[in-house]
Amino acid sequence: MHAEEQVLSLLRMQKGYVSAKALAKEAGISISGISKRIRNLRKYGYNIESNNRLGYKLIAKTGLPVPWELAKVLNTHFLGKDKILYRLSAESTQKLAILLAEKKPSSEGIVIIADQQTGGRGRENRKWLSPSGGIWLSVILRPTTPASKITVLPFAVAIAVCEAIRETTHLNPKLRWPNDVMINGKKVAGVLIDLSMEADQINYAIIGIGINANVDSLALSSFLESHMKVTSICDELGYKISILELTRITLEHLEYHYLQLRDTIPHAIIEMWKNNSDILHHKVEVIGKHLTIKGIVEDVKDDGSLLVRTHDGRDINVVASEVRVRF
Ligand code: BT5
């Protein structure tokens with residue numbers, strides 16, 4: 001049991017105040033050890049009142065996805081079952097997950113969550129801003145699906161995020177190629193997959209998910225250099241949501257779509273992705289290293305590439321790793 005969790009369960013057993021001395025005795029630690037754990041629990045979002053004479057009282061539980069709270073409510077078969085790691089601050093959960101996957105062969109399903117990231121990254125090493133209040137998490141997977149199918153994994157993950165936001169709120173997010181989640185034309189979440197492969201074998205896939213849950217999107221945009229319009233769930237709703245709840249639902253949908261990937265043909269996933277997207281027949285600019293092409297989105301093919309018809313009637317096939325697309 002986590003040291004903080006032990007103090008928490010003692011506080012939970014009492015309706016009123018419990019003295020530091022009694023807590024220390026029950027937990028078998030010093031009084032200063034108790035104050036340290038209380039300080040940490042407050043950092044983890046618990047509201048704990050203290051009174052010089054009476055001691056401590058738990059007023060409200062946290063809304064953050066700390067491991068012991070998330071594990072209690074998470075309804076999955078394997079995701080988050082072995083281990084959930086939580087950091088108040090991390091450079092990047094993706095980086096931590098890669099290190100762990102390299103070290104621990106039996107790490108499938110480990111979830112790493114941070115309250116904030118100091119060096120969050122997007123695809124192609126782009127910066128991902130991750131202030132406190134968002135959902136920044138990475139999951140270690142070891143897919144046994146053929147490598148040829150793995151191109152649709154990012155699409156399956158984006159579908160999971162989209163469904164989770166829809167289930168938690170009344171908002172109607174839409175998917176944008178390749179794997180952005182948008183609300184009212186503004187980016188609310190992004191997906192990143194890091195693959196380690198040998199020949200045709202997948203060693204591991206690290207799924208990175210970033211969701212602007214309770215972050216101030218105006219402040220966020222002031223730090224962004226790109227054209228991207230951004231939003232957050234709380235700015236769209238006008239109130240804050242439970243990060244614990246959205247994290248739980250996201251992981252449950254993620255596991256469902258990941259397990260489905262084994263038995264489903266890529267076509268079915270791309271069709272589902274298209275049903276959750278509004279990009280078909282949308283005007284786009286495809287920005288390559290040397291050339292920018294304007295056209296209309298005709299289709300997303302089963303390998304995940306984008307089919308764009310240019311104004312002079314040519315069809316071009318666009319792969320996400322090679323270009324940026326502006327809608
Ligand atoms: C993505 O990349 O959208 C994938 C983002 C994945 C982030 C997660 S958080 C947990 C895990 N740990 C990490 O270090 N990363 C993953 P991409 O499609 O390349 O989009 C990057 C672009 O989105 C940037 O160039 C900015 O324009 C924009 N951007 C940066 N921060 C943003 C934010 N918080 N919300 C919306 N857009 C943002």
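The residues of the chain are indexed from 1 along the displayed sequence. Counting convention: from 1, in listed order, for ligands and their atoms alike. This structure is a prediction, so every number in the text was calculated from the model and none was measured.
Scanning all heavy atoms of the two residues, the minimum distance from Arg37 to Ile29 falls at NH1-CD1, 2.8 Å.
Residue contacts with ligand 1 for Arg126 involve side-chain atoms from C-beta outward but no N, CA, C or O (heavy atoms, distance under 4.0 Å). If you look at Val191 next to ligand 1, the close heavy atoms, those under 4.0 Å, all belong to the backbone. Heavy atoms from both the backbone and the side chain of Leu129 come within less than 4.0 Å of ligand 1. Contacts between Val215 and ligand 1, counted as non-hydrogen atom pairs separated by less than 4.0 Å, are absent for every part of the residue. Proximity of Gln117 to ligand 1, defined as any heavy-atom pair under 4.0 Å, is confined to the side chain (atoms from C-beta onward). Within the 4.0 Å heavy-atom criterion, neither part of Val188 lies near ligand 1.
Near Gly190, with a cut-off below 4.0 Å to any heavy atom, the atoms of ligand 1 are 3 (O), 4 (C), 5 (C), 6 (C). Below 4.0 Å from some heavy atom of Ser92 lie the following atoms of ligand 1, by number and element: 12 (N), 13 (C), 14 (O).
The distance criterion of under 3.5 Å between nitrogen or oxygen atoms is not met by Trp136 with respect to ligand 1.
Hydrophobic clustering, defined by side-chain heavy atoms of Ile, Leu, Val, Met, Phe, Trp and Tyr closer than 4.5 Å, groups Ile98 together with Leu85, Leu96, Leu100, Ile110, Ile112, Ile140, Tyr204, Ile206.
Taking the six-membered ring for Trp and thresholds of 30 and 60 degrees, Trp68 and Tyr46 have nearly parallel ring planes, at less than 30 degrees apart.
For the pair Ser130 and ligand 1, no heavy-atom separation below 4.0 Å is found. Distances from ligand 1 to the non-hydrogen atoms of Lys187 include at least one value under 4.0 Å.
Atom CE of Met182 and atom CD1 of Ile279 lie 11.0 Å apart (nearest 0.5 Å). In this structure, the separation between CZ on Phe223 and CG on Leu218 is 12.0 Å, given to the nearest 0.5 Å.
With hydrogens and angles disregarded, a donor-acceptor distance shorter than 3.5 Å links the side chain of Glu252 to the backbone of Asn75. A donor-acceptor distance shorter than 3.5 angstrom exists from the side chain of Lys149 to the backbone of Thr264, with no hydrogens or angles considered.
For atom 16 (C) of ligand 1, the nearest non-hydrogen atom of the protein is Arg121 O, 3.8 Å. If you check which protein heavy atom lies closest to atom 10 (C) of ligand 1, you get Thr93 OG1, 3.3 Å.
Lys104 is linked by a salt bridge (charged side-chain N to carboxylate O under 4.0 Å, His left out) to Asp82, counting only residues two or more places apart in sequence or in another chain.
With a 4.5 Å cut-off on side-chain heavy atoms, Val188 and Val161 do not count as touching.
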